[in-house]
Amino acid sequence: MKYSKATNYALHTMVYLVTLPKGSTIGVQRLAEMQNLSPTYLSKILTKLAKGGLIESTPGAKGGYKVSKPKDEISFLDVIKTVEGDSNLFHCSMDHNEGCMIENVMTEAEQNMKNDLDHKFLIDIANNMEEMLLPIEREEQIKKEN
């Protein structure tokens with residue numbers, strides 16, 4: 001199984017966006033710099049996320065992007081479906097009237113994966129990242145003070 005690079009970038013972008021303080025926005029240029037992407041490429045991904053109802057943009061000099069639904073409700077599956085669509089990963093190439101047993105196995109496995117991803121939330125990753133960064137930031141602050 002393989003998801004596109006766009007999904008990778010969308011997930012990283014969304015994790016960052018859920019860490020923003022409520023009401024804050026960030027521009028596409030800064031988001032692109034953080035991932036070493038062109039702003040044009042990231043804009044296409046952001047457009048999909050906005051059309052999927054996961055983020056919204058605020059125009060203007062102080063505008064940017066922010067999540068548009070409660071942060072604790074955005075699952076990995078939400079982002080993946082928004083970028084990749086909701087089609088099945090496996091399709092049987094055989095023409096069977098009674099159904100393809102191989103496709104049945106693959107569909108069940110895919111459904112299990114989707115259920116798992118639907119219960120994994122971006123905010124949990126964001127919180128774990130913040131916990132990891134706090135000791136590093138404290139150490140850097142101590143170095144600056146000395």
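Throughout, numbering of the chain's residues begins at 1 and tracks the sequence. For clarity, every value in this text was computed on a predicted model and none was experimentally measured.
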> My understanding is that only residues two or more places apart in sequence, or in another chain, count here; which of them pass side-chain contact (heavy atoms from CB on, under 4.5 Å) with Glu84?
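With neighbours one apart ignored, the set is Tyr3, Ser4, Thr7, Ile80.
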> May I ask whether Leu17 and Met34 are part of the same hydrophobic cluster, defined by side-chain heavy atoms of I, L, V, M, F, W, Y residues being less than 4.5 angstrom apart, directly or through others?
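Per the 4.5 Å side-chain linkage, Leu17 and Met34 are co-clustered.
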> Between Gln111 and Asn115, do the side chains contain a donor N or O and an acceptor N or O under 3.5 Å apart?
yes
> Who passes side-chain contact (heavy atoms from CB on, under 4.5 Å) against Asn36, sequence neighbours left out?
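Residues passing side-chain contact (heavy atoms from CB on, under 4.5 Å) with Asn36: none at all.
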> Scan for side chain to side chain donor-acceptor pair (under 3.5 Å) pairs involving residues 64-76, sequence neighbours excluded, and state none if there are none.
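Every side chain to side chain donor-acceptor pair (under 3.5 Å) pair that includes a residue of residues 64-76, provided the two are not neighbours, is Ser75-Asp78, Ser75-Asp118.
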> Kindly give the heavy-atom pair with the smallest separation between Val28 and Pro39, and that separation in Å.
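That closest heavy-atom pairing would be CG2-O, 3.7 Å.
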> So how far is it from Leu42 CG to Leu31 CG, rounded to the nearest 0.5 Å?
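Here the interatomic distance stands at 6.0 Å.
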> With sequence neighbours excluded, what pairs up with Lys120 under the side chain to side chain donor-acceptor pair (under 3.5 Å) test?
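Side chain to side chain donor-acceptor pair (under 3.5 Å) check on Lys120 returns Asp116.
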> If you round to the nearest 0.5 Å, how far is CG of Leu49 from OG of Ser57?
11.5 Å
> About how many Å separate CD1 of Ile55 and OG1 of Thr13, when rounded to the nearest 0.5 Å?
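Here the rounded value is 8.0 Å.
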> Output all residues satisfying salt bridge (Lys or Arg N to Asp or Glu O under 4.0 Å) with Lys44, sequence neighbours left out; order by chain, then residue number.
none
> List for me each residue that meets ring pair (Phe, Tyr, Trp, His ring centres under 6.0 Å) alongside Tyr9, sequence neighbours excluded, and say none if there are none.
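Tyr9: ring pair (Phe, Tyr, Trp, His ring centres under 6.0 Å) contacts with Tyr41.
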> Between Asn8 and His12, is there a side-chain donor-acceptor contact under 3.5 Å, judged purely by atom types and distance?
yes
> So if I apply the side chain to side chain contact (heavy atoms under 4.5 Å, CB included) rule between Leu122 and each of Leu54, Thr19, Leu11, Val67, which one comes out positive?
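Answer to the side chain to side chain contact (heavy atoms under 4.5 Å, CB included) test with Leu122 among Leu54, Thr19, Leu11, Val67: Leu11.
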> Can you confirm whether Ile74 sits close enough to Phe121 that some side-chain heavy atom of one is under 4.5 Å from a side-chain heavy atom of the other?
no
> When clusters are formed by joining ILVMFWY residues with side-chain heavy atoms under 4.5 Å apart, either directly or through shared neighbours, do Met106 and Leu117 land in the same one?
no
> Can you give me the closest heavy-atom contact between Thr82 and Lys48, atom names plus distance?
CG2-O, 3.1 Å
> Mind checking side chain to side chain donor-acceptor pair (under 3.5 Å) for Asn112 and listing every partner two or more places apart, or none if nothing turns up?
none
> With sequence neighbours excluded, tell me which residues meet side-chain contact (heavy atoms from CB on, under 4.5 Å) with Glu103.
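For Glu103, the residues satisfying side-chain contact (heavy atoms from CB on, under 4.5 Å) (neighbours in sequence not counted) are Phe90, His91, Cys92, Cys100, Thr107.
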> Report the distance from atom CG of Asn127 to atom CD1 of Ile123, rounding to the nearest 0.5 Å.
4.5 Å
> Count I, L, V, M, F, W, Y as connected when their side-chain heavy atoms are under 4.5 Å apart, and connections chain through other members. Are Leu77 and Leu89 then in the same cluster?
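Same cluster: Leu77 reaches Leu89 through Ile, Leu, Val, Met, Phe, Trp or Tyr contacts under 4.5 Å.
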> Sorted by first residue and then second, give each side chain to side chain donor-acceptor pair (under 3.5 Å) pair with at least one member in residues 20-29; sequence neighbours left out.
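Output for this query lists Gln29-Glu33.
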> Applying side chain to side chain donor-acceptor pair (under 3.5 Å), name anything that partners Asn88, two or more places apart in sequence or on another chain.
none
